Visitor: 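What follows is a single structure, and I will ask about it in a moment.
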Number of protein chains: 2
Amino acid sequence: MPDATTATKPKPAKPAATPAPARAPRKRGETRERILALAEAAVLEKGFAGTSIDELIAAAGITKSGFFYHFKDKGDLARALMQRYIEANDEILLGILKRAEELNDDPLHGFLVALRMLAELVADLPNGHPGCLVAAFTYQDQLFSRDIRALMERGNQGWREMYRDRLARIAERYPPRIPASVDDLADMANALMDGGIIQSKVMKDPQVLPRQIMLYRDFLRMVFQPG
Amino acid sequence: MPDATTATKPKPAKPAATPAPARAPRKRGETRERILALAEAAVLEKGFAGTSIDELIAAAGITKSGFFYHFKDKGDLARALMQRYIEANDEILLGILKRAEELNDDPLHGFLVALRMLAELVADLPNGHPGCLVAAFTYQDQLFSRDIRALMERGNQGWREMYRDRLARIAERYPPRIPASVDDLADMANALMDGGIIQSKVMKDPQVLPRQIMLYRDFLRMVFQPG
DNA sequence: CCTGAACTGCACCCACGGTACAGTAGCCAT
DNA sequence: ATGGCTACTGTACCGTGGGTGCAGTTCAGG
């Protein structure tokens, strides 16, 4: 009943309601990006429902109205978060694979170099890997709309295919010693990343993840490397 | 304005406030177990903060007071949930390992049989593996107290040691072909379970997890099996 | 028959997600 | 220089969820 409330209010003619906002508007996308970065870190530590809009706006130094200017609702934040994460991860993964392949004509050696680079990358993160947002969302997926879950699936599918393409080219040149499918080997890369992150976090040892990547690398060498 | 409401009420001296509760008390532990089972399923789908006490009591057919009779607060529920999960998982895992070892004197064959049994177990779950509560909690661990996180670490450490012990005995008899540590190989089992569950969920294919377990089994065969 | 375990009912509080809307500071193009 | 747009601020309000506190009730078992 807003009418009753409105009636009790003084309602001073028209102006003088808001005295003077302290801070100025920022550049396009700047505040939005700050919210997303804060939200991603918080969601990886407390889950999505456990992360309040209030804490994000306090950390970002804006008001609630400011938040809802950038995001329609909390679900919209989730979507933006997942989009941003997938794009960033795509870029990192593709970057490593491309760099490794530039230095190696051989598909097997190229991929083995890429895995070593990946292991080094995560080993050097000061506080360990912050976590995979897709994995985090998967364990809370009933909070999200159908399209966000589709986004997650597409993102994961993309990484799977990056691995699978490389593995298929390797298998062409080096016949595998066991009848393992390249699809399963590709899934294993994804699974070991997700599982390795979780094991690192649970055991409070950031080095578990890079060691698992190197172990996967050993596995591939045994499967494909001749001699 | 609740005061107005209170004022309008009759407030009859002292008694006659509560007429007659419909349902009767149940057997010891029965309701508590029902709440825990409902909560575990809900937490694996929506996260801990995303699971409301209201929905649990509605599903369990009790009142809020009934809930707080069994659990001091929501954190107490989390602790009970984790305890229950670790004990149940311990039992399943140990049961499989013991059964496989009864049928096999050889440590390698025994472990390979156990892995096959594990793969079959998860392959036969009608809706796929419901999820690992330790993994779920790990991605929301700032919601939980220090002692719950310690509980998770101990539980995971227990599973790690179950695998490590078997692998150590295997390595004694069959010298590994690569210098991989049994600790890393044990971590890989845990990581592939966690990661395999996530991959199954994201890709909506329950068979990814059993296939990853079988692939891990292939890996161990390559590492240890002579000939 | 009485006790205690296992609840119910009611009242109340604060935090959080969300809605609605009016006002405003600074930049940019005309 | 001015008007319009973007990026916000401030205020008020609502429903839901997590809790707290406490008195009362039911029923099984000793």
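Any value given below was found using the heavy atoms of this structure, including those in side chains, with hydrogens, waters and symmetry copies removed. Each chain gets a letter, A, B and so on, in the order the sequences are listed, and its residues count up from 1. Since this is a predicted model, take the numbers as computed values, not measurements.
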Visitor: Grab the CD1-P distance between Ile62(B) and dT26(D) for me, whole Å please.
Guide: 18 Å
Visitor: When you measure from the side chain of Tyr139(A) to the backbone N and O of Thr138(B), does any donor-acceptor pair fall under 3.5 Å?
Guide: no
Visitor: Would you confirm whether Tyr85(A), through its side chain, and Ala80(A), through its main-chain N or O, come within 3.5 Å as a donor-acceptor pair?
Guide: no
Visitor: So, is His70(B) close to the dC7(C) phosphate, meaning a side-chain N or O under 4.0 Å from OP1 or OP2?
Guide: yes
Visitor: May I have the distance from Leu77(A) (atom CG) to dC16(C) (atom C1'), rounded to whole angstrom?
Guide: 14 Å
Visitor: Polar pairs (N or O, both sides) under 3.5 Å between protein and nucleotides 18-20 of chain C?
Guide:
unit_1	atom_1	unit_2	atom_2	d
dG18(C)	OP2	Lys74(A)	N	3.0
dG18(C)	N7	Lys64(A)	NZ	2.9
dG18(C)	O6	Lys64(A)	NZ	3.1

Visitor: Say whether, by atom type as modelled, one donor and one acceptor occur between the side chain of Glu45(B) and the main chain of Ala42(B) under 3.5 angstrom.
Guide: no
Visitor: Roughly, in whole Å, what's the span from CD in Glu30(B) to P in dC27(D)?
Guide: 15 Å
Visitor: Within the side chain of Glu55(A), is there an N or O that forms a donor-acceptor pair under 3.5 Å with the backbone of Ser52(A)?
Guide: yes
Visitor: How many whole angstroms separate atom CZ of Phe48(B) from atom P of dG17(D)?
Guide: 15 Å
Visitor: Figure out the CZ/C1' separation between Phe71(B) and dA6(C), and round it to whole Å.
Guide: 13 Å
Visitor: Quickly work out the Ile57(A) CD1 to dC16(C) C1' distance and round it to whole Å.
Guide: 10 Å
Visitor: With a sphere of 6.0 Å drawn around CZ of Arg116(B), does it hold more than 12 non-hydrogen atoms of other residues, nucleotides or ligands?
Guide: no
Visitor: Give a yes or no on whether the ring-centroid distance for Phe48(A) and Phe144(A) is below 6.0 angstrom.
Guide: yes
Visitor: Under 4.0 Å between a side-chain N/O of Thr31(A) and OP1 or OP2 of dC8(D), yes or no?
Guide: yes
Visitor: Look at Tyr69(A) and dC8(D) and indicate whether a side-chain polar atom (N or O) is within less than 4.0 Å of OP1 or OP2.
Guide: no
Visitor: Rounded to whole Å, please give me the gap between CG in Leu56(A) and P in dA15(C).
Guide: 17 Å
Visitor: Quick one: are Asp205(B) and Arg211(B) in side-chain contact, heavy atoms under 4.5 Å?
Guide: yes
Visitor: May I have the distance from Glu33(A) (atom CD) to dA7(D) (atom P), rounded to whole angstrom?
Guide: 14 Å
